[in-house]
Structures are given as C-alpha cells and as structure tokens.
Amino acid sequence: MTAAASGTADEDPERIEREQAELERLRAEVRDLRARSRAHPLISQAQGMLQERYALPDADGAFTLMRQVSQRFNVKMRTLAGILVTTPRPDGRTALWFPRRVRRPEPALGLLPDDPAGGRSRGAVLGAVLDRTLAVVGTGMGNVQTVDRVRGGLRIERHTGLTQDFVDFFEHVGETGTSCAKAARDLAQVTVRDVAGDPVFTEPARAAILAAGSEACHSVPLTSATGLCVGMVSAHADHCLPELSPSQLKTLDALGAEAGRWLAWHERTVLLDALEYLHALGRVRGARRPGA
C-alpha cells in the first residue's frame, strides 16, 4: 500500500465520524457516572434513614418509596433526599409530619410564562428564569444555582451554552472566590466585565471560566420575601459586557425577587407535601411487614 493510499484510509470520513460518535458516547457516560457519584451518598443516607424510621425490609424498599414520591411530585431524587436528611424527623405518634403547617397559595410569576396545565414544575421555572435572564443580558451562556441545603453554598441545577468542564468545576461553589458567591453574600447583582482581571475570582475559578469561553458575566440573586438568597442566575458572555441599563437592572431585580419567592414557596409547600406523602406511605408499608 502506498503512503498516499494509507493516508486516504486514515482520513476515511465514515471512520472518523464513528470514532467521534463513540468518543461523545463515552464522554456522556462519564458525565452520567460523575453525576450519579455526587448524588449517591446523599440518596444512600436518605435510604438508610427511611429504612430505620419505617422498619422497611431493605434499602431497595426505601429507594422505591423515594422514587414513587419523586415521580408523583415531579421532584428530583437528589432534591428529595436533601430535604429529607435536613428536616427534623416526624413525631412517630402522629400521622402528619407537619400537623400545624399552613399552606400558602402559589405566588405569581409575571415575568415567566404560564403553564397551560395549571401548574409549574421546579425545573420549568428554573429554565424560564435562565432563558429570561439571558434574553435581558443579551447572551447565550448561563446557569441557575440553588442553595445547597446539605453542604451550604450554591449548586448548579440548570445551564446552557457552557462546557461540561465548566459545569463539573462549578457544580458546587462555596461562599467566596466567585462572582455568584459575592452576589449571594451581598444580596445584590454583580457584573464582571473582565473575568481575566477581576479580583473576585480565585485563580482556578478564573481559569475554568476563561477555558469555557466566558470573558464576562452577570449574576442575579434569587431572593425570598424575607430577604434570603435561595438561588442565583448568572449570564456569561464571550465578550466584554456593556454596562447594563437601569431598565435592565430593574427587570433582573424583579425577576430575581419573583423567582426567589416561588422557590421559597416550592420548598415549604411542594417539598413538604412530598415529605408528608412519603411519611404516609412509609407508615403504611412499615405496618404491613410481618410481625410489625
């Protein structure tokens, strides 16, 4: 075989396409394994708590219980596990976990699209918050974080236009070293017009942001009616951001307040409803055990 023929074979477009597809499949598998490994310890902890609390026969029974509740209330397993392990256990003598709880109506979300089915999922709201923020700032990269009940700090829940390396690096951020951490501390919007030179970032964080193609960013805290930061939405740009107008800042402030109020309501209403339902199921299944 001649060198020219060999070169042609080596550059076979079908083979290259197959290899690229296989590489992307492997990358997706690695990302999935990373996500599972991050969530697994928390979910395992929740399983153990349920198995002990309701005298369930095994961890699989506890997992099945959590999955049923997760699907019924459209709540991620990790989110359900997080609120389960951080909420004081129910009184074993009562049928209700929260007997004196007052349920509040769902707050309005004027800046977000209405759900024609009459309800909004947490994921849909976070996605709409991100889309609206990117539209106001005028960029296509960004992410939404929520407060991590277990570890503290912020945890990414939605993102678009960002590399997987960026998402892995900033999967969880603490209280310092990033613009979103500063916005959460100050309960105020933060604009970084030059990531390369802004002292708000640690050097590893700066390198991760620049490697993702972001040269500027703007963070907006999502705040509850009582003034607590319950999340963060950040827009990233591959160019220097112009100074945002008063109108843009006002729109983003209103968005952060509305989304924050909704997230706080969701946590103390939908998530607590999910725990109540889980408690009811657990009591029934534990009572059905032979000899229970």
Side-chain angles (χ1 to χ4, degrees), residues 25-99 101 103 117 119-127 144-159 164 167-168 171-172 230-231 263-292:
R25 185 190 68 78
L26 291 173
R27 285 174 175 167
E29 187 174 321
V30 169
R31 290 196 296 268
D32 182 62
L33 289 172
R34 285 175 178 170
R36 289 173 182 267
S37 67
R38 288 192 291 262
H40 181 71
L42 180 61
I43 293 174
S44 294
Q45 182 184 355
Q47 285 176 257
M49 292 176 63
L50 293 176
Q51 188 178 352
E52 176 275 328
R53 183 175 298 170
Y54 302 113
L56 300 174
D58 50 40
D60 286 343
F63 184 85
T64 299
L65 187 68
M66 290 178 61
R67 183 172 58 190
Q68 183 176 345
V69 174
S70 169
Q71 292 173 346
R72 179 183 178 92
F73 289 89
N74 199 11
V75 172
K76 289 183 178 180
M77 286 283 281
R78 191 193 189 287
T79 301
L80 179 62
I83 194 166
L84 175 62
V85 303
T86 56
T87 300
R89 67 183 298 153
D91 186 338
R93 299 166 296 179
T94 63
L96 295 178
W97 193 328
F98 311 101
R101 177 165 64 109
R103 299 184 85 263
R120 299 180 177 93
S121 72
R122 192 167 184 265
V125 169
L126 294 178
V144 182
Q145 302 155 291
T146 57
V147 170
D148 191 316
R149 290 179 59 92
V150 179
R151 300 169 62 186
L154 297 167
R155 177 171 58 89
I156 286 183
E157 289 214 36
R158 303 279 294 206
H159 59 87
Q164 191 59 44
V167 175
D168 289 341
E171 185 268 339
H172 176 271
V230 296
L263 286 172
W265 167 83
H266 185 269
E267 179 161 318
R268 63 177 180 260
T269 303
V270 177
L271 293 186
L272 297 191
D273 286 347
L275 291 186
E276 287 276 25
Y277 185 67
L278 186 151
H279 181 51
L281 289 180
R283 284 167 57 87
V284 169
R285 294 183 186 181
R288 287 176 180 170
R289 283 196 62 201

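Counting begins at 1 with the first residue of the sequence. These figures come from a predicted structure and were not determined experimentally.
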Review point. Nearest 0.5 Å, what's the CD-CG distance between Q68 and L281?
Key: 5.0 Å
**Study point:** Shortest non-hydrogen contact from P88 toward W97
**Key:** O-NE1, 3.0 Å
Point to revise | Non-hydrogen atoms of Y54 and P90 that approach each other most closely | key: OH-CG, 4.2 Å
Review point. Say you draw a straight line from CD of Q164 to CD of E171; how long is it, rounded to the nearest 0.5 Å?
Key: 10.5 Å
Study note, to complete from the structure: On a heavy-atom basis, the closest approach of H279 and L96 is CD2-C, 4.0 Å
Point to revise | Y277: partners by ring-ring contact (aromatic ring centres under 6.0 Å, His included), with sequence neighbours left out | key: F73
I'd like a table of donor-acceptor pairs (distance under 3.5 Å, sequence neighbours excluded) in which one partner is a side-chain atom from residues 57-67, with atom names and distances.
unit_1	atom_1	unit_2	atom_2	d
D58	OD1	D60	N	3.3
D58	OD1	G61	N	2.7
T64	OG1	D60	O	3.0

Review point. At their closest point, which heavy atom of T269 faces which heavy atom of R103, and how far apart are they?
Key: CG2-NH2, 3.4 Å
Check your understanding: For L80 and A274, which heavy atoms make the closest approach, and how far apart are they?
Key -> CD1-CB, 4.2 Å
Check your understanding: Under 3.5 Å, side chain of H159 to main-chain N/O of Q145, donor-acceptor pair present?
Key -> no
Point to revise | Flag side-chain contact, heavy atom, 4.5 Å: V147 against L154 | key: yes
Exercise for review: Taking the side chain as every heavy atom from C-beta outward, state whether T79 and R155 have any atom pair closer than 4.5 Å.
Suggested key: yes
**Study point:** Check ion pair R89-E52 (N to O, under 4.0 angstrom)
**Key:** yes
Review point. Out of curiosity, R268 CZ to L263 CG, how far, rounded to the nearest 0.5 Å?
Key: 11.0 Å
Check your understanding: Does the side chain of T146 reach to within under 4.5 Å of the side chain of R122, using non-hydrogen atoms?
Key -> yes
Revision key, fill the gap. Taken to the nearest 0.5 Å, the spacing of R101 CZ from D273 CG works out to 4.5 Å
Revision key, fill the gap. On a heavy-atom basis, the closest approach of R149 and I83 is NE-CA, 3.7 Å
Exercise for review: For the pair V69 and L275, evaluate side-chain contact (heavy atoms from CB on, under 4.5 Å) and give the outcome as yes or no after the intermediate values.
Suggested key: CA-CA 8 Å; V69 174; L275 291 186; over 6 Å; no
**Study point:** Min side-chain heavy-atom separation M77-L42 under 4.5 Å
**Key:** no
Point to revise | Close side-chain approach of T87 and L271, heavy atoms under 4.5 Å | key: no
